[in-house]
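Contents: one structure, followed by commentary.
Letters A, B, ... mirror the listed sequences (proteins, then strands); counts begin at 1.
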Amino acid sequence: MPPTTSLQAEISQQISAIAENPPARDPHWPEHRPHLDYAPYRSSLLRHPTKSLQLADPETIELTSPAFGRRDVGEAESDLTTMSTGEPLGERMVLEGRVLDGDGRPVRGQLVEIWQANAAGRYRHKRDRHPAPLDPHFTGAGRTLTDDEGRYRFTTIKPGAYPWRNHENAWRPAHIHFSLFGEAFTQRLVTQMYFPGDPLLALDPVYRSIPDGGARAGLIAGYDHDLTSPEWALGYRFDIVLTGSRRTWIEPEEGEE
Amino acid sequence: MSRLPTPDQTVGPFFRDGLVYSGDRDLVAPGTPGAIVLDGRVFDGSGEPVPDALIEIWQPDATGAIVSESGSRARRLGGFSGFGRCETDAEGWYTFTTFEPGPLADGAAAFFAVKVFARGLLAVLDTRIYVPGPALDSDPLLSALDPARRATLVAERTASGLRHDLRLQGPGETVFLAFR
Ligand SMILES: [Fe+3]
């Protein structure tokens, strides 16, 4: 090991020190968002802005969003277990949730993209060097559109945890990456969903980069036995709340809603 | 009902399978009359290229009109999508084929709305890439910046279109935005 490699204990100590004594944040950076300059996540050191954010009034282009529809997404793309000639290995799961705006209104007809490791904790990406098996029947990517209630639903395999070399013996908690569009480009969100009760969460610099405990907890899916299908798949629920500037909502006409 | 907003997490190093798709960087088919190339490199705080960033642009068409029909992911031959996405290459380059955006209002400065994602970036960053021209002088955002900072938001004209580097940190650091 090169001498610069930190042990988990050192990283955990840094995480605790920052939590106890939070650094000053840009006044325009919302409370719920992660620290951008977060030493325990080593790759952030040279990639976070150091100048203060410039406050701007969003223009119309920023207050609208790219539109997606039927021809952008295939019906079959929300089922990650049927994209091959055979079935992927692992624990089959159904993942459902709603995409809402800050006022609790559904985000309708918008694109939801996900990607993840396979059950063994391995991505198909050629730069993934984790010596765990690839699954020939699992690509690990899916997409869908939200319905009129803002709901999405995927069928997939529970991803495995994986090592990531941030420090010695660093392991990412099992997670599914999510990409979301809102009604305005300012609402665009890329995040990660985690699983309840994962002991790696407390040790993970990416998860712990979010200073607000309540916001952090919002990234953990709930196990939902009502979503679990008998003899088939476990059910998890994960709702997403978008924020950011958007056009003032226009009340629907009488009888339109 | 009010709930806490969902926080960001990094796009990580393995977003290719989930986010990259065929034609994602071509808002118009290359070779379309009037098409330009918008390209540039992404650099980190030590001046090294960032080979695992994802740049997204969202822009009006050449007349300043915003595309409102679906099809932002499925590219229809001959059509124009106002949305594009490009993963940087090993030297940190991103390259889009598009139309030069028109102004959103008469006399306004024209720009691309830009999102920057990367491994090491815990949240998405917002910025703009402005088209050079006389309208820049009256732009409210650019007018609020000192000239050196302003320059980090304005593209340079090239033979094929526009070029604009993004610097996440350090000298010439790009101006990143917080919206009201
Ligand atoms: Fe991951």
Segment of [X] engaging chain A (4.5 angstrom heavy-atom cut-off):
X	result
Leu177(B)	both
Phe112(B)	neither
Val124(B)	both
Val42(B)	neither
Phe176(B)	both

Relative to chain A, which of [options] shows the most heavy atom pairs under 4.5 Å?
options	value
Gln59(B), Lys115(B), Arg149(B), Gln9(B)	Gln9(B)
Gly12(B), Gly18(B), Ala108(B), Pro101(B)	Gly18(B)
Leu141(B), Leu121(B), Thr10(B), Val175(B)	Thr10(B)

- His175(A) and Tyr162(A) side chains, donor-acceptor separation under 3.5 Å: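 A donor-acceptor contact under 3.5 Å links the two side chains.
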Look at [options] and state which one has the largest set of heavy-atom pairs under 4.5 Å with chain B.
options	answer
Val206(A), Thr139(A), Ile240(A), Val73(A)	Val206(A)
Ala56(A), Ser44(A), Ser179(A)	Ala56(A)
Ala217(A), Gly69(A), Ser52(A)	Gly69(A)
Ser65(A), Ser43(A), Pro66(A)	Pro66(A)

- Report the C-alpha distance between Tyr123(A) and Asp17(B) in whole Å, list the side-chain angles of each, state the deciding distance to 0.1 Å, and finish with yes or no for side-chain hydrogen bond (donor to acceptor under 3.5 Å, both in side chains). CA-CA 9 Å; Tyr123(A) 285 89; Asp17(B) 288 327; over 6 Å; no
- Taking non-hydrogen atoms and a cut-off under 4.5 angstrom, which of residues 158-173 of chain B neighbour chain A?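 When heavy atoms of chain A are the reference, residues 158-173 of chain B contributes Leu168(B), Gln169(B), Gly170(B), Glu173(B) within the under-4.5 Å range.
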Note: [X]-[Y] ion pair, threshold 4.0 Å (strictly below):
X	Y	answer
Asp204(A)	Arg172(A)	yes
Glu48(B)	Arg47(A)	no
Arg128(B)	Glu62(A)	yes
Glu91(B)	Arg41(B)	no

- Going by heavy atoms in the side chains, are Pro205(A) and Trp164(A) under 4.5 Å from each other?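 The answer is yes, as the side chains (C-beta and beyond) meet within the 4.5 Å cut-off.
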- Can you find a pair of side-chain heavy atoms, one from Arg122(A) and one from Asp128(A), that are under 4.5 Å apart?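 Arg122(A) vs Asp128(A): side chains touch.
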- Message: Quick check on Thr50(A) against chain B: is it the side chain, the backbone, both or neither that has a heavy atom closer than 4.5 Å?
- Response: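 Both backbone and side chain of Thr50(A) come within 4.5 Å of chain B.
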- Part of Leu111(A) lying under 4.5 Å from any heavy atom of chain B: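 Contact with chain B involves the side chain of Leu111(A) alone.
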- Task: Work out which heavy atom in Pro211(A) is nearest to a heavy atom in Arg216(A); give both atom names and the distance.
- Result: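 Here Pro211(A) and Arg216(A) meet closest at O-NH1, 3.5 Å.
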- Might you point out which heavy atoms bring Thr243(A) and Gln187(A) nearest each other, and give the distance in Å?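 Shortest heavy-atom contact: O-CG, 2.9 Å.
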- Task: Test the Arg73(B)-Tyr21(B) pair against the cation-pi criterion, namely NZ or CZ under 6.0 angstrom from the six-membered ring centroid and within 45° of the ring axis.
- Result: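 Pair Arg73(B)/Tyr21(B) counts as cation-pi.
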- Message: Under 6.0 Å from the ring centre and within 45 degrees of the ring axis: does the NZ or CZ of Arg188(A) meet both conditions for the six-membered ring of Phe181(A)?
- Response: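 The answer is yes, since Arg188(A) meets both limits relative to Phe181(A).
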- Task: Mind checking the CD1-CZ spacing from Ile36(B) to Phe99(B)? Nearest 0.5 Å is all I need.
- Result: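 Here the interatomic distance stands at 10.0 Å.
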- Item | Neighbourhood of chain B inside residues 23-30 of chain A, taking heavy atoms under 4.5 Å as contact |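 When heavy atoms of chain B are the reference, residues 23-30 of chain A contributes His28(A), Trp29(A) within the under-4.5 Å range.
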